[in-house]
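The structure appears right after this line, and notes come after that.
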Amino acid sequence: NAGVMQNPRHLVRRRGQEARLRCSPMKGHSHVYWYRQLPEEGLKFMVYLQKENIIDESGMPKERFSAEFPKEGPSILRIQQVVRGDSAAYFCASSPHEADMNTEAFFGQGTRLTVV
Amino acid sequence: SQKIEQNSEALNIQEGKTATLTCNYTNYSPAYLQWYRQDPGRGPVFLLLIRENEKEKRKERLKVTFDTTLKQSLFHITASQPADSATYLCALLTGGGNKLTFGTGTQLKVEL
């Protein structure tokens, strides 16, 4: 059973470009969470999704950021018109269903976005 | 405001000693508290969960305590080894159970 898969592991974008980060949850997991980690800072919650639904996006910046988790395929975190301040590690976590966020979260290895 | 605070200074200890890391929180009433380990360039890995009605939880060389009156959790690694060197994160379940909110982590370095 493969773990949470994120790709790419490293992504370099010029200012103004779009960044697309992908997350395939563990098999059987229908809940996906995205976190951002800035250098020397903790993990910051961004968004919680179930298949085809955004449940909690309270940590998402209001502009330029969007997330989806379609019925088929991976969850996508999209950042439009990237700026240098978007440079960070973005982590995805999954759980089988909502109640199991009370047990443990399984994290991917992250995508390190660098905006030049 | 709500805060989860961990020692920002790195903790250096000698191999074989017990490492103790602290997590303090304010303005939360968590039902659960979790500890994770994060190595450089890697995602966090779950270690232990402790519930509000549990005072202590053990797993091999790890021990976690949870004092809801003090709003504090202590994380202990006994007989520490260089391989235990990593950043340790505490996390609370918040937002009606929708998300884990993390502390900034404490870096532990175990020296020979």
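Note that this is a predicted model, so its numbers are computed, not measured. Here is the naming used below: chain letters follow the sequence lines, and residue numbers restart at 1 for every chain.
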If you count heavy atoms of other groups shown closer than 6.0 angstrom to NZ of A:K51, is the number above 12? yes
Around atom CD of A:Q81, are there more than 12 heavy atoms from other residues, nucleotides or ligands closer than 6.0 Å? no
Joint cluster assignment, B:F46 & B:L100, ILVMFWY side-chain distance < 4.5 Å: yes
More than 12 heavy atoms of other residues, nucleotides or ligands under 6.0 Å from CE of A:M5: is that the case? no
Listed by residue number, which members of residues 67-75 of chain A have a heavy atom under 4.5 Å from any heavy atom of chain B? none
Please enumerate all residues that pass side-chain hydrogen bond (donor to acceptor under 3.5 Å, both in side chains) together with B:N7, with sequence neighbours excluded. none
Hydrophobic clustering (ILVMFWY, side-chain heavy atoms < 4.5 Å, transitive) - are A:L77 and A:I54 grouped together? yes
Given a strict heavy-atom distance threshold of 4.5 Å, which part of A:Q37 is in contact with chain B: side chain, backbone, both, or neither? side chain
Cluster question for you: counting only ILVMFWY and a side-chain heavy-atom cut-off of under 4.5 Å, with indirect links fine, are B:Y36 and B:L33 together? no
All pairs passing disulfide (SG to SG under 2.5 Å) where residues 53-86 of chain B contributes a residue, at least two apart: none
Do other residues, nucleotides or ligands put more than 12 heavy atoms under 6.0 Å from A:R9 CZ? yes
Do B:F102 and B:L49 land in one hydrophobic cluster if side-chain heavy atoms of ILVMFWY residues count as linked below 4.5 Å? yes
Contacts with chain A made by residues 37-44 of chain B (heavy-atom distance under 4.5 Å), listed by residue number: B:Q38, B:G41, B:R42, B:G43, B:P44
